[in-house]
Q: 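Before I ask anything, here is the structure I am working with.
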Amino acid sequence: MARNLPASVGFLVEVSEDGGSPLDPVFASLGSRTELSERIDGQSLRAVLLHSGAPDSAHAHARGTTVILAGELYNQDELIRLLPGDASPVGDAALVLALFAVYDVHAFRLLNGRFAALVGSAGRTVLATDHAGSVPLYACATAGRVLAATEAKALRAAPAGRPIAARPVRRLAGVHQVPAGTVLDIAVGTGKCVAHQTWTPPLGRRIVSENEAVDSVRRVLERAVAARTGSDTPLVVLSGGIDSSSVATLAARRSAGPIDTVSMGTEEADEFPQARVVATHLASAHREISMSTADLLRQLPHAVWAAESLDPDIIEYLLPLTALYLRLEGPGRRILTGYGADIPLGGMHREDRLPQLDTAVCHDMATFDGLNEMTPVLSGISGHWSTHPFWDRDVLDVLVGLEAGLKRRYGQDKWVLRAAMGDLLPHEVVIRPKLGVHEGSGTTSSFTRLLTESSVPPGSVHRAKHLVVQQLFDQVVVEGRHPDEVKTDAVVQWAADRLDADARTAAQ
């Protein structure tokens with residue numbers, strides 16, 4: 001694995017029977033671009049790779065089959081052991097190609113990674129996402145032509161495609177998002193699609209002792225952090241909570257020198273004192289970034305542009321991260337976060353009743369798909385690569401599968417994680433109550449105030465947030481406007497006027 005940035009962070013690919021047409025790549029992520037063209041048994045494959053300087057490792061071709069992969073794998077050593085003889089492919093794309101020759105589409109059941117992939121072979125195009133769909137993948141299929149891209153906006157000019165076994169994207173006719181943990185096997189000649197699910201969150205729950213649970217969480221999280229770090233110095237987004245602090249301390253234990261950490265806040269709220277406790281404990285090279293809530297809210301178009309999500313709650317979570325990444329100048333960095341731990345551990349649900357807690361975990365794990373919470377484009381718009389150890393496939397299998405009483409225990413949320421990290425972190429960090437990133441940065445309160453100051457009634461704020469995010473999506477994804485051209489205040493006023501008009505109509 002490339003230890004700084006993956007070989008490729010995105011792609012736009014066309015597989016066609018008629019030779020295809022020139023591709024017009026549109027990406028929010030930054031990176032160098034390389035075009036490639038191949039013939040596969042009478043088909044034409046044209047691709048644009050968005051990469052960090054090593055495009056060859058993101059592309060492999062042999063015996064009439066081509067693999068293009070954006071992202072990275074985390075269990076290469078285990079995968080290589082499955083190959084016949086002494087084969088040792090160089091690069092993740094070559095490894096997937098070798099596995100595909102043995103297992104066909106079922107090869108993707110074996111992969112633990114953060115990736116989107118395309119396999120082209122005689123008469124077929126195979127599209128695959130990682131277990132969490134953490135690198136979003138979009139597709140458009142017509143008879144004789146398949147288009148695929150890691151950002152929906154790259155397909156905005158694509159011809160209307162036929163329905164396939166995936167979610168349609170708003171106002172992009174025929175464009176669909178490939179579900180998480182799914183392989184789509186598409187016949188190029190007809191556009192017919194067969195879907196194969198490669199991973200689902202475990203529904204069974206393991207009954208283990210406290211010690212066994214704590215040990216297994218510690219081991220699997222250590223492996224996940226190790227797989228995402230190497231000889232370079234990682235940068236960890238640090239809030240001072242148990243999630244980000246766990247990632248930071250495990251990264252620091254692997255590093256030969258001080259790691260880099262960064263925190264962000266506004267005049268509305270920050271978690272700087274809490275993060276400083278951890279940074280001091282780890283002796284990290286720590287940086288605090290402050291911005292006004294007005295500046296933060298001006299990044300709303302960028303958050304929607306990067307995430308391509310229509311869920312206002314998700315955009316609110318992702319806004320401070322987007323704003324932070326936009327402030328990180330310089331060469332592309334590998335960034336680790338503690339984001340996502342609350343979903344498998346039920347951390348946002350202060351619920352002592354275990355059935356309700358497990359119900360919440362089941363619901364959250366069943367509904368994360370398509371929200372694009374983990375998309376690398378959030379940091380990619382500044383040329384960085386972010387990765388989230390808590391959403392490693394093996395970590396999720398362990399965390400989700402633990403019975404609820406190990407997640408809420410002795411009056412503590414996420415007890416098993418706190419216990420697993422208890423000997424590595426200051427006690428005040430281990431027992432600190434949960435605070436969401438959007439809460440710690442003041443995002444929610446400032447977004448709400450922006451709307452109420454535009455005459456949106458308090459009872460209509462959530463509906464207004466939906467309208468704002470939807471309008472931003474239409475402008476920056478569907479219509480192709482750059483977010484710097486979009487005025488957040490004007491969009492908010494449009495939403496307020498729309499709600500007012502709806503209210504007057506309802507009153508008549």
Q: Could you state the interatomic distance from CG (L250) to OG (S255), rounded to the nearest 0.5 Å?
A: 12.5 Å
Q: Please check: side-chain N/O of K407 versus main-chain N/O of G347, any donor-acceptor pairing under 3.5 Å?
A: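 No, K407 side chain to G347 backbone: no donor-acceptor pair under 3.5 Å.
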Q: So, for Y325 and L378, which heavy atoms are closest and what is the spacing to 0.1 Å?
A: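 Looks like CD1-O, 3.4 Å.
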Q: Is the side chain of D392 donor-acceptor paired with the backbone N or O of A224 at a distance under 3.5 Å, no angle test?
A: no
Q: Test R223 against D394 for salt bridge (charged side-chain N to carboxylate O under 4.0 Å, His left out), laying out the working first.
A: CA-CA 9 Å; R223 288 198 297 270; D394 294 342; 5.3 Å; no
Q: Using side chain to side chain contact (heavy atoms under 4.5 Å, CB included), reason through L238 and H286 one step at a time and then give a plain yes or no.
A: CA-CA 9 Å; L238 185 61; H286 187 62; 4.2 Å; yes
Q: Just by distance, do the side chain of E271 and the backbone of S263 share a donor-acceptor pair under 3.5 Å?
A: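 No, the answer is negative, given that no donor and acceptor are paired below the 3.5 Å cut-off.
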Q: So, are R228 and E72 salt-bridged, with charged N and O less than 4.0 Å apart?
A: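 Looking at R228 and E72, the cut-off is not met.
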Q: Any non-hydrogen side-chain atom of L118 less than 4.5 Å from a side-chain atom of V126?
A: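 Answer no - side chains too far apart.
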Q: Using ring-ring contact (aromatic ring centres under 6.0 Å, His included), reason through W305 and F27 one step at a time and then give a plain yes or no.
A: CA-CA 10 Å; W305 188 53; F27 300 107; over 10 Å; no
Q: Please evaluate residues I242 and R432 with respect to the criterion side chain to side chain contact (heavy atoms under 4.5 Å, CB included), reporting the C-alpha separation (whole Å), side-chain torsions for both, the decisive distance (0.1 Å), and the verdict.
A: CA-CA 7 Å; I242 185 63; R432 182 190 170 200; over 6 Å; no
Q: Is there side-chain contact between V236 and T337, with heavy atoms separated by less than 4.5 Å?
A: no
Q: Could you grab the distance from atom CG of D130 to atom CZ of F115, nearest 0.5 Å is fine?
A: 5.5 Å
Q: Has R145 got a side-chain atom pairing as donor or acceptor with S16's backbone, closer than 3.5 angstrom?
A: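 No, the answer is negative, given that no donor and acceptor are paired below the 3.5 Å cut-off.
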Q: When rounded to the nearest 0.5 angstrom, what is the spacing between CG in D364 and CG in D342?
A: 9.5 Å
Q: Less than 4.5 Å apart, side chain to side chain, heavy atoms only: is that true for L345 and V416?
A: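 A side-chain contact under 4.5 Å exists here.
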Q: Is there a donor-acceptor pair closer than 3.5 Å between any side-chain N or O of R114 and the backbone N or O of M374?
A: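 Checked: pair present.
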Q: Check the angle between the aromatic planes of H196 and H106 and answer parallel, tilted or perpendicular using the 30° and 60° thresholds.
A: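 If you compare the ring of H196 with that of H106, the planes turn out perpendicular.
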Q: State whether a side-chain donor-acceptor pair under 3.5 Å links S244 with S239.
A: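 The criterion, which ignores hydrogens and geometry beyond distance, is satisfied for S239 and S244.
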Q: Under 3.5 Å, is there a donor-acceptor pair linking the side chains of N4 and W385?
A: no
Q: Are side-chain N/O atoms of D369 and Q177 paired as donor and acceptor at under 3.5 Å?
A: no
Q: Okay, side chain of S245, backbone of G241: is any donor-acceptor separation there less than 3.5 Å?
A: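 Judged by distance alone, yes, a pair lies under 3.5 Å.
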Q: Are there over 12 heavy-atom neighbours, none belonging to E35, within less than 6.0 Å of that residue's CD?
A: no
Q: Could you tell me whether the side chain of Y138 reaches within less than 4.5 Å of the side chain of L147, counting heavy atoms only?
A: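 Side-chain contact under 4.5 Å: no.
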Q: Can any side-chain N or O of R333 pair as donor or acceptor with the backbone N or O of T233 at less than 3.5 Å?
A: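 Looks like yes, one N/O pair under 3.5 Å.
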Q: Hey, mind stepping through N112 and H131 against side chain to side chain contact (heavy atoms under 4.5 Å, CB included) and telling me if it holds?
A: CA-CA 7 Å; N112 180 7; H131 62 286; 4.1 Å; yes
Q: For R124, run the side chain to side chain contact (heavy atoms under 4.5 Å, CB included) check against V15, V105, D41 and tell me which one passes.
A: V105
Q: Would you mind reporting whether Q412 and I431 have side-chain heavy atoms less than 4.5 Å apart?
A: yes
Q: Between R206 and E212, is the closest basic N to carboxylate O distance under 4.0 Å?
A: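 A salt bridge links E212 with R206.
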Q: Assess, by modelled atom type and distance only, whether the side chains of S121 and T65 contain a donor and an acceptor separated by less than 3.5 Å.
A: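 Note: S121 and T65 side chains miss the donor-acceptor criterion.
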Q: Check whether any side-chain heavy atom of L328 lies under 4.5 Å from a side-chain heavy atom of S382, and answer yes or no.
A: no
Q: With distance as the sole criterion, is a donor-acceptor pair present between the side chains of E373 and Y339 under 3.5 Å?
A: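 Checked: E373/Y339 side chains pair up, N/O donor to acceptor below 3.5 Å.
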Q: Knowing that exactly one of T66, V48, L45 qualifies, which makes a side chain to side chain contact (heavy atoms under 4.5 Å, CB included) with L36?
A: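 Single pass found, and it is L45.
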Q: Would a 4.5 Å heavy-atom cut-off, applied to side chains only, mark R46 and S44 as touching?
A: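 Side-chain contact under 4.5 Å: yes.
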Q: Rounded to the nearest 0.5 Å, how far apart are CG of L83 and CG of L99?
A: 5.0 Å
Q: With a 3.5 Å distance limit and no angle check, can you tell me whether E308 reaches the backbone of K153 through a side-chain donor-acceptor pair?
A: yes
Q: When you measure from the side chain of E151 to the backbone N and O of S29, does any donor-acceptor pair fall under 3.5 Å?
A: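 The answer is yes, because a donor-acceptor pair under 3.5 Å joins these two groups.
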Q: Do any N or O atoms from the side chain of R334 and from the backbone of P234 form a donor-acceptor pair under 3.5 angstrom?
A: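 Pair absent, no side-chain N/O of R334 close to backbone of P234.
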Q: Output yes when D413 and R418 qualify as a salt bridge under the 4.0 Å nitrogen-oxygen rule, no when they do not.
A: yes
Q: Regarding H51 and S8, is there a side-chain donor-to-acceptor distance under 3.5 Å anywhere?
A: no
